[in-house]
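Structure first, then comments.
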Amino acid sequence: MTTMAPDAGTQDDAAYEAQFNAAVAAEERIEPRDWMPDAYRASLVRQIAQHAHSEIIGMQPEANWITRAPSLRRKAILMAKVQDEAGHGLYLYSAAETLGTSRDELLDRLHAGRQKYSSIFNYPTLTWADVGAIGWLVDGAAITNQVPLCRCSYGPYARAMVRICKEESFHQRQGYELLLALSKGTEAQHAMAQDAVNRWWWPSLMMFGPPDDESAHSAQSMAWRIKRHSNDELRQRFVDICVPQAESLGLTLPDPDLTWDEERGHYAFGPIDWDEFREVLRGNGPCNEQRINQRRTAHEEGAWVREAATAYATKQAERSRHGYRAPQDQQQGDTQEEDIA
Ligand SMILES: [Fe+2]
Ligand SMILES: [Fe+2]
């Protein structure tokens, strides 16, 4: 074995890095087995995990209304939506696992408060209209954020986002339709819809993250083509989409400074209360404690399911090592025998 020159490793890394940068610049996808800078991997794990956590924590505020949905149709829609969010969490944990961090580890980080989820889910759902406001505004903001992620440089994340975005657009539509029904309903229903929009509007704008000049990860993420647009650009796009939609809904947005800026070709909007954002992020939002406690309880109560699934997988692997055929591959008679055994 020859001795490697002291700087050989560094040179190799530099060559790999050049190759990686060229692939990103050429809009090629980076796949799990490709070489990637450690910081790129760490940044993706952080972002994808935070995204996955948001999907599963986000199930809580809306699940709160499943038993109280006003009709069978509304209940079926809401159940489908909450289940979709669980599925989004699963696709995203799987995408994060391709980077070499296990789902268990990511969940541990969430439960220990070492990884965050979107601060929007720390607000309470006070009335049925909140389900509509979340669908229209929160899922709407998520789509605005996530459509560009379908072109993210990391393949598994980009591909997960394609399906997620299709489902998010159903979520946004059902929220809009729910609010429209309330807005056109009785005076009390209209007031309930307006109140929900008043409470969810500002937190939705905060979903895009801090302003560009304060956003710690933005510039590097954009250079790596994980992100395609800055926080402020996406926030502006969302406001521009929502203003005419609010008009069609017959509802107002709670911002006296919201005006069309002819020169910029965008809606101008009032200042965002970043102190509130930071407080919620620090754990002092109205529901932070409740959300994380419920998540931990769900995880503990689900331990037997994980154990059973692992035991089943081990049994299957053992059987296939001994040439056992799975029941579905056998004749019906055999299957029945196996079932009894
Ligand atoms: Fe989702
Ligand atoms: Fe959604």
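Ligands are counted one by one from 1 in listed order, and the atoms in each one are counted from 1 as well.
The distance from atom NE2 of His171 to atom NZ of Lys81, rounded to the nearest 0.5 Å, is 5.5 Å. Expressed to the nearest 0.5 Å, how far CD1 of Ile48 lies from OH of Tyr157 amounts to 6.0 Å. His53 contributes atom NE2, which lies 6.5 Å from atom CG of Leu107 (distance to the nearest 0.5 angstrom).
Seen from the ring of Phe238, Arg235 does not count as a face-on cation partner, given the 6.0 Å and 45° thresholds.
His88 contributes ND1 as its N, O or S atom closest to the Fe ion (ligand 1). Taking the Fe ion (ligand 2) as reference, His171 places its N/O/S atom ND1 nearest. The closest approach of Glu55 to the Fe ion (ligand 1), by N/O/S atoms, is made by OE1. Between the Fe ion (ligand 1) and the N, O or S atoms of Glu168, the shortest distance is to OE2.
Contact check on Arg295 versus Glu300 returns no salt bridge, with no Lys/Arg side-chain nitrogen under 4.0 Å from an Asp/Glu carboxylate oxygen.
Taking the Fe ion (ligand 2) as the apex, the angle formed with OD1 of Asp139 and OE2 of Glu85 is 110°, to the nearest 10 degrees.
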